Amino acid sequence: MAGQEISKEESLSLKGYRHACHIMLYADTDAKLFGKIPIKHIVLMQMRFDGLLGFPGGLVNPAEESLESGLSRELWEEMGVALNVAPEDHCSSCVAPSPPQLVTHFYTKKMKEEDVREVEKAAVTAPDHGLEVMGMVRVPLYCLRSGEGGFPAFLSHSFISNSRSQLLSALRALGLLSWAALDAAVTQADQIRQ
Ligand code: GTP
Ligand code: MN
Ligand code: MN
Ligand code: MN
Ligand code: MN
Ligand code: MN
């Protein structure tokens with residue numbers, strides 16, 4: 001479920017399409033799990049009301065607001081923080097595989113570890129907390145010795161639309177995980193899902 005990539009400009013000229021904007025907030029960290037397994041990066045996703053994992057964000061009406069200000073509004077609703085999103089934070093746009101007639105715009109934004117912690121604290125005070133959003137989650141990027149625990153197990157869960165592809169592409173593009181580590185985790189996740 002990767003969807004068809006399209007430029008932001010071209011997608012905005014499509015007739016009859018809806019637009020959704022989501023963002024991956026992330027930070028570097030020195031923290032170690034059990035005092036020994038490096039966490040390396042904090043990456044935020046959310047557990048949605050429908051039980052699927054996805055990124056914070058939502059539907060934006062380009063006739064009424066820019067994609068970035070619409071995304072900021074959604075972040076306020078879903079995480080209780082006023083975060084500015086800039087056009088430079090745009091990463092990719094896709095004609096989504098489902099539902100029909102939807103373009104999904106994806107953004108990434110690097111933050112400081114302490115700022116991510118503030119976002120996590122504010123999230124429980126957000127208007128949509130416990131309603132559209134069941135909670136923010138961090139993505140475990142390490143792989144435990146069992147081979148399944150950590151990132152492979154995370155990837156074996158169910159994701160909304162093409163958010164799983166967005167996660168994998170962003171981790172690769174930003175160099176947060178190596179191609180080899182991503183490939184191994186995806187293979188392992190496919191085995192868990194069977
Ligand atoms: P309402 O306020 O209830 O309309 O929800 P919303 O505006 O927050 O919309 P939502 O975040 O559910 O996103 C709208 C649509 O985009 C969803 O129905 C999904 O098809 C898709 N979607 C949701 N989350 C993601 C995501 O993280 N990535 C991608 N690619 N698509 C998503
Ligand atoms: Mn909305
Ligand atoms: Mn949403
Ligand atoms: Mn929303
Ligand atoms: Mn919705
Ligand atoms: Mn809403």
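Note: hydrogens, waters and symmetry copies are ignored here, and every other heavy atom, side chains too, is used. Everything quoted here is computed from the prediction, not taken from an experiment.
Of the possible donor and acceptor atoms, none in the side chain of Glu77 sits under 3.5 Å from a partner among the backbone N and O of Pro127. A donor-acceptor pair is defined here as one N or O able to donate and one able to accept, closer than 3.5 Å; no such pair exists between the side chain of Thr29 and the backbone of His41.
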| task | Could you walk me through whether Val116 and Glu120 pass side-chain contact (heavy atoms from CB on, under 4.5 Å), step by step? | result | CA-CA 6 Å; Val116 171; Glu120 290 174 315; 4.2 Å; yes
| message | Please evaluate residues Leu25 and Met79 with respect to the criterion side-chain contact (heavy atoms from CB on, under 4.5 Å), reporting the C-alpha separation (whole Å), side-chain torsions for both, the decisive distance (0.1 Å), and the verdict. | response | CA-CA 12 Å; Leu25 301 175; Met79 301 196 306; 3.6 Å; yes
| Would Phe151 and Val139 satisfy side-chain contact (heavy atoms from CB on, under 4.5 Å), going step by step from the backbone distance to the final call? | CA-CA 7 Å; Phe151 195 42; Val139 180; 3.8 Å; yes
| task | Could you check Val60 against His105 for side-chain contact (heavy atoms from CB on, under 4.5 Å), going step by step and ending with a plain yes or no? | result | CA-CA 10 Å; Val60 170; His105 303 274; over 6 Å; no
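Under 4.0 Å is where a charged nitrogen must lie from a carboxylate oxygen, and between Glu113 and Arg138 no such pair does. Taking a cutoff of 4.0 Å between a charged side-chain nitrogen and a carboxylate oxygen, Glu118 and Lys121 qualify as a salt bridge.
The nearest pair of heavy atoms linking Ser163 to Gly54 is OG-CA, 4.0 Å. Taking both residues in full, the closest heavy atoms of Ile160 and Arg48 are given as CD1-NH2, 3.6 Å, listed atom of the first, atom of the second, then distance. Across all non-hydrogen atoms, the minimal contact from Pro56 to Met136 is CG-CE, 4.1 Å.
We find the CG-NZ distance between Asn84 and Lys109 to be 7.0 Å, quoted to the nearest 0.5 Å. Between the CG atom in Leu71 and the OH atom in Tyr107 there is a gap of 6.5 Å [rounded to 0.5 Å]. Distance CG/Leu12 to OG/Ser7: 8.5 Å, rounded to 0.5 Å. Note: Leu167 CG to His22 NE2 = 14.0 Å, rounded to the nearest 0.5 Å. Here OG of Ser92 is found 6.5 Å from CZ of Phe106. Values are rounded to the nearest 0.5 Å. For the atom pair Met111 CE and Arg117 CZ, the distance stands at 13.0 Å (nearest 0.5 Å).
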Counting only pairs under 3.5 Å, give me each side-chain donor-acceptor contact of residues 172-194, with atom names and distances, residues two or more places apart or in other chains.
residue, atom, partner, partner atom, Å
Ser178, OG, Ala181, N, 3.0
Thr187, OG1, Asp183, O, 2.9

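For Lys8, the NZ atom is densely surrounded, since the number of other residues' heavy atoms within 6.0 Å is greater than 12. Annotation for Asp30: atom CG does not count as buried by contact number, only 12 or fewer foreign heavy atoms lying within 6.0 Å. The environment of CD in Gln101 is crowded: more than 12 heavy-atom neighbours from other residues, nucleotides or ligands sit within 6.0 Å.
Hydrophobic clustering keeps Met47 apart from Leu44 (ILVMFWY residues linked when any side-chain heavy atoms are closer than 4.5 Å, directly or through intermediates). When hydrophobic clusters are built by joining Ile, Leu, Val, Met, Phe, Trp and Tyr residues whose side-chain heavy atoms come closer than 4.5 Å, directly or via intermediates, Leu83 is grouped together with Ile23. Tracing side-chain contacts under 4.5 Å through hydrophobic residues (I, L, V, M, F, W, Y), one never reaches Val119 starting from Val137; they form parts of separate clusters.
Put simply, the residue from Val95, Thr104, Ile6 that forms a side-chain contact (heavy atoms from CB on, under 4.5 Å) with Ser11 is Ile6.
Note: Phe154 and Phe159 have perpendicular aromatic rings, judged against thresholds of 30 and 60 degrees for the angle between ring planes.
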